[in-house]
**Student:** 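Attaching a single structure in structure tokens format; questions to follow.
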Amino acid sequence: MIERYTRPEMGRIWGEESKYRAWLDVELASSEALAETGQVPADAARLLRKHADFDVARIQQIEARVKHDVIAFTTAVAEKMATAGHAEASRWFHYGLTSNDVVDTSQALLVARASAVILNGLNTLAEVVKTKACEHKNTIQIGRTHGVHAEPITFGLKLALWYDELRRGRDRFAAAAEEMRVGKISGAVGTFGHIGPEAEEKICARLGLKPAPIASQVISRDRHASYVSALALIAATLEKISLEIRHLQRTEVREAEEPFAAGQKGSSAMPHKRNPVTCEQICGLARVVRSNAQAALENIALWHERDISHSSVERIILPDSTTLVDYMLAKTEWLVSGLRVYPERMKKNLDLTRGLVFSGQVLLDLAASGMLREQAYKLVQDHAMYCWEHDGDFRATIEADPQVAQFLTAEQIAESFSVSRQLANVDRIFARVFGEPR
């Protein structure tokens with residue numbers, strides 16, 4: 001991933017040094033576990049633990065010649081052992097392993113580290129959204145369906161909905177990350193032809209992993225597809241949040257907007273511009289993560305016990321997807337925590353249609369008072385359409401209709417147009433979402 005969208009901690013996890021260090025962790029855990037089972041001399045395992053090392057530039061230099069990254073790695077480590085005066089011990093480095101034993105198992109370590117960063121980001125963002133939801137629990141806003149005014153909501157309810165979705169995304173991702181926390185040390189076709197299952201169990205335990213119950217030369221890629229799909233779902237939720245703020249920031253709406261820093265400029269040509277650029281960035285990056293999920297799904301089907309068509313793909317989609325989601329989480333946290341909210345504008349927009357948004361309640365109240373529903377619907381719709389087209393006052397029109405007066409008193413009509421009546425259950429919804437009265 002380009003530096004622009006890479007935060008430092010995630011960048012370190014997916015750097016070349018970190019990758020080869022994870023390979024070395026797997027190799028040393030293997031040597032020590034095999035020493036316990038008597039397949040590797042204990043002194044060799046001890047010397048490998050003390051002296052085995054590598055230089056990234058040297059690995060790259062060797063790979064340019066041998067065209068195989070794992071061989072380049074093991075050769076570079078062997079050179080380090082020789083330099084330390086323990087070339088003999090290097091005979092037991094990578095003993096009984098195939099390349100993908102190291103690559104797949106070390107990848108699980110890197111994914112686990114990346115997942116911890118993302119889960120922390122999800123938890124932080126969820127708390128920010130929860131705080132903002134409680135702050136605006138009773139900030140009245142017009143709800144929109146199809147982009148058109150519908151009925152009153154509160155801005156806090158909108159945020160609570162985001163929180164609920166983020167929580168599900170976190171749970172899905174945690175489960176997918178746990179499925180990825182597996183290693184395999186079962187050899188070239190998964191038959192434990194050179195070392196036994198008990199050694200694999202010891203190796204994985206040393207690394208904090210579980211052994212895959214069965215593998216070919218590779219761990220089955222449905223796990224990876226599920227993982228990237230979980231990342232794509234998180235990205236989609238972040239896009240949902242950002243897209244909503246983009247709509248609310250439109251000049252005609254102006255109910256909320258992303259932070260705009262002192263000295264920031266929105267346009268090279270128009271000094272008045274305050275554009276939702278961070279929201280748009282998040283929406284754009286979500287497309288990349290979604291496309292990576294498609295690539296992950298296509299990695300499931302491989303030839304026989306292994307081909308490497310998935311390998312080149314994963315070198316891109318795993319670092320890029322985790323890096324982008326980490327970046328998007330941080331940006332969304334910044335966006336929500338500093339969000340500018342305009343309750344007065346929300347109230348103005350709610351009143352824009354002069355009572356039309358209460359048509360549904362008027363319909364119900366007429367029906368409850370004895371008017372046939374079809375008759376009530378026609379009456380209310382006729383008044384609503386007239387007011388819509390002539391910018392009329394819907395409440396005044398309803399109050400002046402003699403047919404309505406036959407069924408509803410002035411007090412009942414006032415109650416039909418009550419915002420508090422519409423929003424009487426906000427506290428109960430919050431209790432459902434957050435598990436406590438707010």
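FYI, the numbering just counts along the sequence from 1. Please read these numbers as outputs of a predicted model, since none were measured by experiment.
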**Student:** So if I apply the salt bridge (charged side-chain N to carboxylate O under 4.0 Å, His left out) rule between Glu239 and each of Arg246, Lys331, Arg290, which one comes out positive?
**Tutor:**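 That would be Arg290.
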
**Student:** Are any side-chain N or O atoms of Gln412 and backbone N or O atoms of Thr409, one a donor and one an acceptor, separated by less than 3.5 Å?
**Tutor:**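 Present.
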
**Student:** Write down the atom of Leu166, the atom of Ala126, and the distance for their closest heavy-atom approach.
**Tutor:**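 Nearest pair, atom of Leu166 first, then Ala126: CD1-CA, 4.3 Å.
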
**Student:** Before you tell me yes or no, could you show the steps for Asp25 and Arg21 under salt bridge (Lys or Arg N to Asp or Glu O under 4.0 Å), namely the whole-Å CA-CA distance, both residues' side-chain angles and the distance that decides it to 0.1 Å?
**Tutor:** CA-CA 6 Å; Asp25 288 342; Arg21 194 61 58 189; over 6 Å; no

**Student:** Find out whether Glu63 and Phe73 are in side-chain contact, i.e. whether some heavy atom of one side chain is under 4.5 Å from a heavy atom of the other.
**Tutor:**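 No - every pair of side-chain heavy atoms lies 4.5 Å or more apart.
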
**Student:** Any side-chain heavy atom of Leu350 within less than 4.5 Å of one from Val419?
**Tutor:**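 When only atoms from C-beta onward are counted, Val419 and Leu350 do touch, with a gap below 4.5 Å.
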
**Student:** Does a side-chain N-to-carboxylate-O contact under 4.0 Å join Arg49 and Glu32?
**Tutor:**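 Counted as a salt bridge, because a side-chain N and a carboxylate O are separated by less than 4.0 Å.
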
**Student:** Taking all non-hydrogen atoms of both residues, which atom of Ile59 and which atom of Ala72 are closest, and how far apart?
**Tutor:**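 Result for this residue pair: O-CB, 3.5 Å.
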
**Student:** Taking side chain as C-beta onward, heavy atoms only, is Ser186 less than 4.5 Å from Glu200?
**Tutor:**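 Sidechains of Glu200 and Ser186: in contact.
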
**Student:** Under 4.0 Å between a side-chain nitrogen and a carboxylate oxygen: does that hold for Asp104 and Arg221?
**Tutor:**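 Salt bridge present between Asp104 and Arg221.
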
**Student:** So, taking the atom named CG in Leu423 and the one named OG1 in Thr154, what distance separates them when rounded to the nearest 0.5 Å?
**Tutor:**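 Interatomic distance, Leu423 CG to Thr154 OG1, rounded to 0.5 Å: 6.5 Å.
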
**Student:** Does atom CZ of Arg421 have more than 12 heavy-atom neighbours, drawn from other residues, nucleotides or ligands, at distances under 6.0 Å?
**Tutor:**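 Buried by this count: over 12 neighbours within 6.0 Å.
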
**Student:** Are there over 12 heavy-atom neighbours, none belonging to Lys347, within less than 6.0 Å of that residue's NZ?
**Tutor:**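 Result for NZ/Lys347: open.
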
**Student:** Does NZ in Lys202 sit with more than 12 non-hydrogen atoms of other residues, nucleotides or ligands closer than 6.0 Å?
**Tutor:**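 At most 12 heavy atoms, drawn from other residues, nucleotides or ligands, come within 6.0 Å of this atom.
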
**Student:** Give a yes or no on whether the backbone of Thr98 and the side-chain of Asp101 come within a donor-acceptor separation of less than 3.5 Å.
**Tutor:**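 Such a contact is found between Asp101 side chain and Thr98 backbone.
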
**Student:** Of the options Leu366, Leu364, Asp365, which is the one that meets Val362 in a side-chain contact (heavy atoms from CB on, under 4.5 Å)?
**Tutor:**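 Answer after filtering Leu366, Leu364, Asp365: Leu366.
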
**Student:** In Å and rounded to the nearest 0.5 Å, what is the CG to NZ distance from Leu363 to Lys378?
**Tutor:**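 Answer for the CG-NZ pair, Leu363 versus Lys378, is 14.0 Å.
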
**Student:** Between Arg170 and Leu122, what is the shortest heavy-atom contact and its length?
**Tutor:**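 Looking at all heavy atoms of both residues, the shortest contact is CA-CD1, 3.8 Å.
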
**Student:** So, are Asp164 and Arg168 salt-bridged, with charged N and O less than 4.0 Å apart?
**Tutor:**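 Between Arg168 and Asp164 there is a salt bridge, with a charged N closer than 4.0 Å to a carboxylate O.
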
**Student:** Calculate, to the nearest 0.5 Å, the distance between atoms CG and CD belonging to Leu339 and Glu135 respectively.
**Tutor:**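 One finds 9.5 Å between CG of Leu339 and CD of Glu135.
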
**Student:** What I'd like to find out is whether the side chain of Phe192 reaches to under 4.5 Å of the side chain of Ile185, using heavy atoms alone.
**Tutor:**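 Contact flag for Phe192/Ile185 side chains = no.
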
**Student:** Evaluate Tyr386 against Thr397 for side chain to side chain contact (heavy atoms under 4.5 Å, CB included), listing each step before the verdict.
**Tutor:** CA-CA 10 Å; Tyr386 180 86; Thr397 303; 5.6 Å; no

**Student:** Show the numbers, then the answer: is there a salt bridge (Lys or Arg N to Asp or Glu O under 4.0 Å) between Asp69 and Arg315?
**Tutor:** CA-CA 13 Å; Asp69 54 356; Arg315 289 172 190 259; 2.8 Å; yes

**Student:** Keeping Ser216 on the side-chain end and Val218 on the backbone end, is there a donor-acceptor pair under 3.5 Å?
**Tutor:**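 Judged by distance alone, yes, a pair lies under 3.5 Å.
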
**Student:** Does a sphere of radius 6.0 Å around CD1 in Ile2 hold more than 12 heavy atoms from other residues, nucleotides or ligands, not counting ones at 6.0 Å or beyond?
**Tutor:**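 Yes, because the 6.0 Å sphere around CD1 of Ile2 holds more than 12 heavy atoms from other groups.
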
**Student:** Between CD of Gln403 and CD1 of Ile398, what distance do you get to the nearest 0.5 Å?
**Tutor:**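 Spacing of CD (Gln403) from CD1 (Ile398) equals 10.0 Å.
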
**Student:** Under a 4.5 Å cut-off applied to non-hydrogen side-chain atoms, are Gln107 and Lys19 in contact?
**Tutor:**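 Heavy-atom side-chain distance check fails, nothing below 4.5 Å.
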
**Student:** Please say whether more than 12 non-hydrogen atoms of neighbouring residues, nucleotides or ligands are located less than 6.0 Å from OH in Tyr377.
**Tutor:**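 No.
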
**Student:** Return yes when atom CG of Leu161 has more than 12 non-hydrogen atoms of other residues, nucleotides or ligands closer than 6.0 Å, and no otherwise.
**Tutor:**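 Yes - once you tally the heavy atoms of other residues, nucleotides and ligands closer than 6.0 Å, there are more than 12.
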
**Student:** Any donor-acceptor pair under 3.5 Å linking the side chain of Glu151 with the backbone of Gly360?
**Tutor:**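 Answer holds: no.
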
**Student:** Grab the two heavy atoms, one from Arg113 and one from Ser18, that are nearest each other, plus how far apart they are.
**Tutor:**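 Smallest heavy-atom distance, with atoms named: NH1-OG, 4.2 Å.
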
**Student:** Side chains of Glu333 and Thr124: do they bring a donor and an acceptor to under 3.5 Å?
**Tutor:**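 Distance-only check fails for Glu333 and Thr124.
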
**Student:** Is there a donor-acceptor contact under 3.5 Å from the side chain of Asp326 to the main chain of Thr322?
**Tutor:**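 No; zero donor-acceptor contacts below 3.5 Å.
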
**Student:** Do you know the tightest heavy-atom contact between Pro259 and Gly338?
**Tutor:**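 What the structure gives for the nearest pair is CG-O, 3.2 Å.
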
**Student:** For the residue pair Asp401 and His383, confirm or rule out a side-chain donor-acceptor distance under 3.5 Å.
**Tutor:**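 Yes.
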
**Student:** So, do Lys130 and Phe434 sit near enough that their side-chain heavy atoms are less than 4.5 Å apart?
**Tutor:**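 The answer is yes, as the side chains (C-beta and beyond) meet within the 4.5 Å cut-off.
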
**Student:** Is a side-chain donor-acceptor pair under 3.5 Å present for Ser309 with Asp307?
**Tutor:**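 Judged by distance alone, the side chains do pair up.
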
**Student:** Are more than 12 heavy atoms, taken from residues, nucleotides or ligands other than Glu374, located less than 6.0 Å from that residue's CD atom?
**Tutor:**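 Atom CD in Glu374 is not crowded, with 12 or fewer foreign heavy atoms closer than 6.0 Å.
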
**Student:** Could you check whether any side-chain heavy atom of Phe358 comes within less than 4.5 Å of a side-chain heavy atom of Gln422, counting everything from C-beta outward?
**Tutor:**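 With C-beta onward as the side chain, the pair touches.
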
**Student:** If we ignore hydrogens and angles and just use 3.5 Å, is the side chain of Ser312 paired with the main-chain N or O of Ile308 as donor and acceptor?
**Tutor:**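 No.
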
**Student:** Any chance the rings of Tyr227 and Phe173 have centres within less than 6.0 Å?
**Tutor:**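 Judged by ring-centre distance (under 6.0 Å), Tyr227 and Phe173 do meet the cut-off.
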
**Student:** Looking at Tyr327, does the NZ or CZ of Arg7 lie under 6.0 angstrom from its six-membered ring centre and within 45 degrees of the ring axis?
**Tutor:**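 No, Arg7 and Tyr327 do not form such a contact.
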
**Student:** Short question: side chain of Arg354, backbone of Asp391 - any donor-acceptor pair under 3.5 Å?
**Tutor:**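 Yes; judged by distance alone, with no hydrogens or angles, the pair exists.
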
**Student:** With rounding to the nearest 0.5 angstrom, report the CG to OG distance, Leu207 to Ser106.
**Tutor:**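 If we round to the nearest 0.5 Å, Leu207:CG and Ser106:OG are 9.5 Å apart.
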
**Student:** Identify the two heavy atoms, one from Leu231 and one from Ser321, that lie closest to each other, and give their separation to 0.1 Å.
**Tutor:**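 Shortest heavy-atom contact: CD1-CB, 3.8 Å.
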
**Student:** Got a second to check how far Ile282's CD1 is from Glu258's CD, nearest 0.5 Å?
**Tutor:**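 Those atoms lie 8.0 Å apart.
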
**Student:** Could you walk me through whether Ile142 and Met346 pass the side chain to side chain contact (heavy atoms under 4.5 Å, CB included) check?
**Tutor:** CA-CA 7 Å; Ile142 184 61; Met346 291 179 179; over 6 Å; no

**Student:** Can you spot which of Lys158, Arg144, Lys348 makes a salt bridge (charged side-chain N to carboxylate O under 4.0 Å, His left out) with Glu255?
**Tutor:**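 Exactly one pass, corresponding to Arg144.
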
**Student:** Where do Thr237 and Glu165 land on the side chain to side chain donor-acceptor pair (under 3.5 Å) test, with the steps shown first?
**Tutor:** CA-CA 7 Å; Thr237 296; Glu165 191 166 323; 2.8 Å; yes

**Student:** Counting only N and O atoms by type, is there a donor-acceptor contact under 3.5 Å from the side chain of Lys184 to the main-chain atoms of Gly187?
**Tutor:**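 Checking the backbone N and O of Gly187 against the side chain of Lys184, a donor-acceptor pair under 3.5 Å is found.
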
**Student:** Take the angle between the ring planes of Phe155 and Trp162 and call it parallel below 30°, perpendicular above 60°, tilted in between.
**Tutor:**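 Perpendicular, since the angle between the ring planes exceeds 60°.
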
**Student:** Taking the side chain from Ser291 and the backbone from Val288, do they hold a donor-acceptor pair closer than 3.5 Å?
**Tutor:**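 Present.
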
**Student:** Taking NZ, NE, NH1 and NH2 as the nitrogens, is one of them in Glu9 or Arg12 under 4.0 Å from a carboxylate oxygen of the other?
**Tutor:**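 No, no charged N to carboxylate O under 4.0 Å.
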
**Student:** Determine whether Cys387 and Asp393 make a side-chain contact, defined as any pair of heavy atoms from C-beta on separated by less than 4.5 Å.
**Tutor:**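 Not in contact.
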
**Student:** Is it the case that more than 12 heavy atoms not belonging to Arg58 sit under 6.0 Å from its CZ atom?
**Tutor:**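 It does: Arg58 CZ has more than 12 such atoms within range.
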
**Student:** Can you check whether Glu27's main-chain N or O pairs, donor with acceptor, with Ser31's side chain at less than 3.5 Å?
**Tutor:**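 Flag set: sc Ser31 to bb Glu27 pair under 3.5 Å.
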
